[in-house]
Number of protein chains: 2
Amino acid sequence: MEKEISQAVIRRMPRYYRYLGELLEEGVERISSNDLSHRMMVTASQIRQDLNNFGGFGQQGYGYNVKYLYDEIGKILGLNETHNIIMIGAGNLGQAITNYVKFERFGFIITALFDVKPSLKGQTVRDIPIYMMDELDDYCKKNKVDIAALTLPKEKAEDTAQHLVNLGIRAIWNFAHVDLDLSDKSVVVENVHLSDSLMQLSYNIVKNSK
Amino acid sequence: MEKEISQAVIRRMPRYYRYLGELLEEGVERISSNDLSHRMMVTASQIRQDLNNFGGFGQQGYGYNVKYLYDEIGKILGLNETHNIIMIGAGNLGQAITNYVKFERFGFIITALFDVKPSLKGQTVRDIPIYMMDELDDYCKKNKVDIAALTLPKEKAEDTAQHLVNLGIRAIWNFAHVDLDLSDKSVVVENVHLSDSLMQLSYNIVKNSK
DNA sequence: TAGATTGTTAATCGATTAACAATC
DNA sequence: TAGATTGTTAATCGATTAACAATC
């Protein structure tokens, strides 16, 4: 494996990607790390350091070609490939995320939802079918699944995640309010803890009012 | 203002809170930083350092009283007070979050939703009314609003946020895929960028498969 | 009292920023 | 060629970990 890149850097890459996308829409052809640093409110040094973890995308005296850099960061983030996602849990959150079509632009395709609630059986969200949980094993055997998104109660999250890993799934997008402790440490887990985020906000409100 | 506490520490506080809550449910009365560090997969040193930013909550030779520490962290995070939230955008995501009752346990109460779509007028989500956007000013004048959650298209996010700030709102929970650049820098903004999170996941998938 | 474990200081590690030689 | 701006090394800053004296 190559030199490990810190998660601090990875966290910033989607933000670069977003700003470059905006520049592209504005028709900007090239940008210097200095100009970009003013837009993004970070230092030019950090931008250059971050990018040079992955390669030399710029040119002295010129700066960075927006389109080229945008595409390269896209590749770094794996957006040049399609990722099939299944939603485990077809409740409000699961359906909301499924309805959020924007992800498809980046190559993330939701292909199926799963739930235990019998009344959901046979229903669809944007033409995407909702299956029952007992159909999961069969589905995973017959279809390519890259990511499983967990939008189910935290009590069921751990067991379900382990089951998904046993079925061969290598990546979990976890919305349940627990830290998943999986047997296979090579499985990638990305947590979205909405209440944590709300609590951080709340902390900053209290601090500010002092 | 007191000594500034780093965001790295703040980000970890909700996690401590969650683990202490679990210990509480398990009926555990006291815990040492060492035991907790094993459960949470962090160093005991970090736990003690983090907590001592806010005060000495433990006792030599004993450790930490779970209930006491849980409550104290709750206070630090502002969970001892109620926070009224309005949802700006009553689409799928707005409704999904509104339906997520768990937040109420921590004192976050969603009191109203707002949208521009006429067909939503007069509708409710869990008995919480959906209003039209032109009723927003009036609502904010008559009701205490602590947090505005933005679940609307990114094109409208910036202007709407600025409008909310003008109405006196001091905290924004932003789900729109933009960085809000507000005139009043004392307004607290907490971003939830779902696509950024998905891209981080995607990066780690690509990296892992190498 | 002896043992356990904190609170806190000191040492280390990693990430950010600054500086500048290389080069387009 | 001169000017601009990168890529990269060095310096600084901040966060994490280790160590231990204080103390329950």
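Every chain is numbered from 1 and lettered A, B, ... according to where its sequence line falls, protein lines coming before strand lines. Bear in mind the structure is a predicted one, so any value in this text is a computation, not a measurement.
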Nearest-0.5 Å distance that lies between atom CE in Met41(A) and atom CG in Asp181(B):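 So the CE of Met41(A) and the CG of Asp181(B) are separated by 6.0 Å.
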
Working to the nearest 0.5 angstrom, can you tell me the gap between Asn53(A) CG and Ile76(A) CD1?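 These two atoms lie 9.0 Å from each other.
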
Pairs touching residues 34-46 of chain A that satisfy side-chain hydrogen bond (donor to acceptor under 3.5 Å, both in side chains), sequence neighbours left out: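 Residue pairs passing side-chain hydrogen bond (donor to acceptor under 3.5 Å, both in side chains), neighbours aside: Glu26(A)-Arg39(A).
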
Does anything in residues 34-50 of chain B come within less than 4.0 Å of DNA chain D? Heavy atoms only, and list the residues if so.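 Thr43(B), Ser45(B), Gln46(B), Arg48(B), Gln49(B), in order of number.
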
Upstream residue (5' side of DNA chain C) when Gln59(A) and Gln59(B) are each assigned their closest nucleotide: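 Whichever sits nearer the 5' end wins; that is Gln59(B).
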
Which donor-acceptor pairs under 3.5 Å do the side chains of residues 101-109 of chain A make with protein atoms, sequence neighbours left out?
{"unit_1": "Glu104(A)", "atom_1": "OE2", "unit_2": "Arg126(A)", "atom_2": "NH1", "d": "3.1"}
{"unit_1": "Glu104(A)", "atom_1": "OE2", "unit_2": "Arg126(A)", "atom_2": "NH2", "d": "3.4"}

Where do Val178(B) and His193(B) come nearest, in terms of heavy atoms and distance?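 Scanning both residues, the minimum pair turns out to be O-CE1, 3.4 Å.
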
Taking all heavy atoms of Ser197(A) and all of Trp173(B), pick out the closest pair and write down the distance.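 What the structure gives for the nearest pair is OG-NE1, 2.8 Å.
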
Extract, from 5' to 3' on DNA chain D, the first and final nucleotides lying under 4.0 angstrom from some heavy atom of chain B.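 Contact boundaries, 5' end first: dA15(D) to dC24(D).
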
Sort out for me which residue in Phe57(A), Tyr17(A), Phe54(A), Tyr68(A) forms a side-chain contact (heavy atoms from CB on, under 4.5 Å) with Ile73(A).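 Result for side-chain contact (heavy atoms from CB on, under 4.5 Å) with Ile73(A): Tyr17(A).
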
Using a 6.0 Å distance limit plus a 45 degree cone around the ring axis, check whether Arg30(B) lies over the aromatic ring of Tyr62(B).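 Ring-cation test returns yes.
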
Under a 3.5 Å cut-off on both pairing distances, which runs of 3 or more consecutive Watson-Crick or G-U pairs involve DNA chain D?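 Only these stems qualify: C:3-24 with D:3-24.
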
Would you please indicate yes or no on a ring centroid separation below 6.0 angstrom for Tyr131(B) and Phe114(B)?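 Ring centroids of Phe114(B) and Tyr131(B) are less than 6.0 Å from each other.
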
Residues two or more places apart in sequence or in another chain: which of them pass side-chain contact (heavy atoms from CB on, under 4.5 Å) with Ala161(A)?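 Result, side-chain contact (heavy atoms from CB on, under 4.5 Å) vs Ala161(A): Leu150(A), Ile172(A), Leu180(A), Leu182(A).
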
